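Supplied in structure tokens, the structure appears directly below.
Atoms considered below: every heavy atom in the structure, side chains included; atoms not considered: hydrogens, waters and symmetry mates. Note that the structure is a prediction, hence the values are computed from the model and not measured. Just so you know, residue 1 is the first one in the sequence shown, and it goes up from there.
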Amino acid sequence: MSEFLPFTRPLIDDETIEGVAEVLRSGWITSGPQVKAFEAALSEYVGGRPVRAFNSGTCTMEIALRIAGIGAGAEVITTPLSWVATSNVVLEVGARPVFVDVDPLTRNIDLSRIEAAITPATRAIIPVDLAGLPVDRDRLYAIAKRHHLRVVEDAAQALGSEWGGRRIGSIGDFVSISFHPNKNVTTIEGGCLVMNDAEEAALAEKYRLQGVVRCGYDGMEVDLVGGKFNLTDVAARVGLGQLPHLAAFNSRRRHLAREYFAGFEQAGVGELGLDLPVADFVNSNWHMFQVVLPEERLTIKRAEVMRQLHAAGIGTGVHYPAIHLFALYRRLGWKPGDFPHAEHIGRNILTLPLFPAMQDGDVARVIAAVQRILRAHARR
Ligand SMILES: Cc1ncc(COP(=O)(O)O)c(C=O)c1O
């Protein structure tokens, strides 16, 4: 039997591994010159905007909200179909998330429903580019401008995606990106925040490390409560080794995604009842290839499909269950039925293997297994 195929796997070259060893031998392993170099490379990538690196893509969003002065009494509009970090950060700063259902086609926040959710307490929108498919930035920023709202783009999954021919991160308000190992480039754990000006960047540095500002040889001042969110030089060196591969990684991902579309077409997607993602080969970085299972046409549930795929040597993932149905969020008042599209997708979405080192033959193997399982368990 062929080797187990995970749904994703980072690809780190020998030069990066050697570079990490050099940092480890250098005597300076926490935040230092590698972080500065990584931030400079990221800033260059996003057209010169200020960028600071952090130890997660979660804290970057929390810090963006703090920089924007968003806290108790404020409402922040976001999607219920994301990693729970997206709305947890809103709670973390003391504000209230306001969920808006997703568009069943894009699986991203339904922009046409945002304005109805705006109240006098609304301060910001956190859109999420699920699987790297960007939210329409023109419509999003038109709404934000009309209602004087800040935007914290949760572009955790969207490094290398584009809107209107411009890179995500090079346009917009705050842009948060994650470098978790599943992402298109990794620092093991880590993230970065793209901001608007030097003032915001200085605030971000304070929130990143205990609120501390240093000056001269011995000057130190603290005037706000910061956290412990700095990235290490070891992690930054991994990121520096990854960035030059981003374009090639994403082009390989696009190729594999095309193979999925062609293969599912041949397998008769219509007959299988599977929902495929939007076939976007202009804007998306193809962070994930996700299908939505036809629950009404199957005699088994998603977990059993996953188990059978696993038994066939194929790893899959769930990104994500609807956030508002988690116990924490139900306690805060949300309930089943609130966001039907997010709930349906959250119950049935399945992430199939997609990563740069995958072979074309792997795609065919996944499609054959999915086809076999869905056919064997179709309702008659
Ligand atoms: C959509 C989304 N938002 C936020 C995050 C948080 O990023 P991190 O895991 O780096 O904190 C992730 C990644 O895990 C994500 O996929």
- Item | Pair R137 + E153: basic N to acidic O under 4.0 Å | yes

- Query: Is the shortest side-chain N to carboxylate O distance from D360 to R258 below 4.0 Å?
  - Reply: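 Looking at D360 and R258, the cut-off is not met.
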
- So, are D223 and K206 salt-bridged, with charged N and O less than 4.0 Å apart? yes

- Message: Any carboxylate oxygen within less than 4.0 angstrom of a Lys/Arg side-chain nitrogen, looking at E62 and R66?
- Response: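 Salt bridge between E62 and R66, a charged N being under 4.0 Å from a carboxylate O: yes.
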
- Query: Going by distance alone, is a donor N or O of one side chain under 3.5 Å from an acceptor N or O of the other, for Y329 and N88?
  - Reply: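 Checked: Y329/N88 side chains pair up, N/O donor to acceptor below 3.5 Å.
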
- Message: On a heavy-atom basis, which atom in V35 and which in A53 lie closest, and how many Å separate them?
- Response: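 What the structure gives for the nearest pair is CG1-CB, 4.3 Å.
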
- Item | Salt bridge present between R347 and E295 (N-O < 4.0 angstrom) | yes

- Query: Do NZ/NE/NH1/NH2 and the carboxylate oxygens of R375 and E271 come within less than 4.0 Å?
  - Reply: yes

- Going by the side-chain hydrogen bond (donor to acceptor under 3.5 Å, both in side chains) test, name the single residue among N230, D233, N55, T232 that passes it with S31.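 With S31 as partner, N230, D233, N55, T232 yield a single side-chain hydrogen bond (donor to acceptor under 3.5 Å, both in side chains), made by N230.
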
- In Å, rounded to the nearest 0.5 Å, how long is the span from CG of L130 to OH of Y320?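 Reported to 0.5 Å precision, the distance equals 7.0 Å.
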
- Item | CZ/R9: more than 12 non-hydrogen atoms of other groups inside 6.0 Å | no

- Should V175 and V46 count as side-chain neighbours, where that means a heavy-atom distance under 4.5 Å? no

- Counting only heavy atoms not in E44, do more than 12 sit closer than 6.0 Å to its CD atom? no

- Option among N283, D129, D138 that satisfies the side-chain hydrogen bond (donor to acceptor under 3.5 Å, both in side chains) test with W163: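 Among N283, D129, D138, the one that satisfies the side-chain hydrogen bond (donor to acceptor under 3.5 Å, both in side chains) with W163 is D138.
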
- Pair listing, salt bridge (Lys or Arg N to Asp or Glu O under 4.0 Å) test, anchored in residues 168-194, at least two apart: R150-D173

- Query: Do the non-hydrogen side-chain atoms of V51 and M195 ever get within less than 4.5 Å of each other?
  - Reply: no

- Query: Is E296 salt-bridged to R379, cutoff N-O under 4.0 Å?
  - Reply: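 Here E296 does not pair with R379 in a salt bridge, since their nearest N and O are not under 4.0 Å apart.
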
- Message: Pairing donors with acceptors under 3.5 angstrom, does anything connect the side chains of N184 and H287?
- Response: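 N184 vs H287: donor-acceptor pair found between side chains.
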
- Charged N to carboxylate O below 4.0 Å: is that the case for R237 and E15? yes

- Query: Is it true that R307 and E304 have a side-chain N and a carboxylate O under 4.0 angstrom from each other?
  - Reply: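 A salt bridge is present here (some side-chain N lies under 4.0 Å from a carboxylate O).
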
- Task: Starting from the C-alpha separation in whole Å, work towards a yes-or-no answer on side-chain contact (heavy atoms from CB on, under 4.5 Å) for E199 and L203.
- Result: CA-CA 6 Å; E199 207 177 318; L203 253 181; over 6 Å; no

For residues 259-267, which side-chain N or O atoms pair as donor and acceptor with protein atoms under 3.5 Å away, sequence neighbours left out?
unit_1, atom_1, unit_2, atom_2, d
Y260, OH, P353, O, 2.6

- Test log, rule side-chain contact (heavy atoms from CB on, under 4.5 Å), inputs F355 and L5: CA-CA 10 Å; F355 53 91; L5 181 69; 3.8 Å; yes

- Query: Less than 4.0 Å between a side-chain N and a carboxylate O, is that true for R25 and E18?
  - Reply: yes

- In terms of the angle between their ring planes, are H324 and F339 parallel, tilted or perpendicular, with boundaries placed at 30° and 60°? perpendicular

- Query: Distance only, no hydrogens: is a donor on one side chain within 3.5 Å (strictly under) of an acceptor on the other, for D154 and S176?
  - Reply: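 Per modelled atom types, D154 and S176 side chains form no pair under 3.5 Å.
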
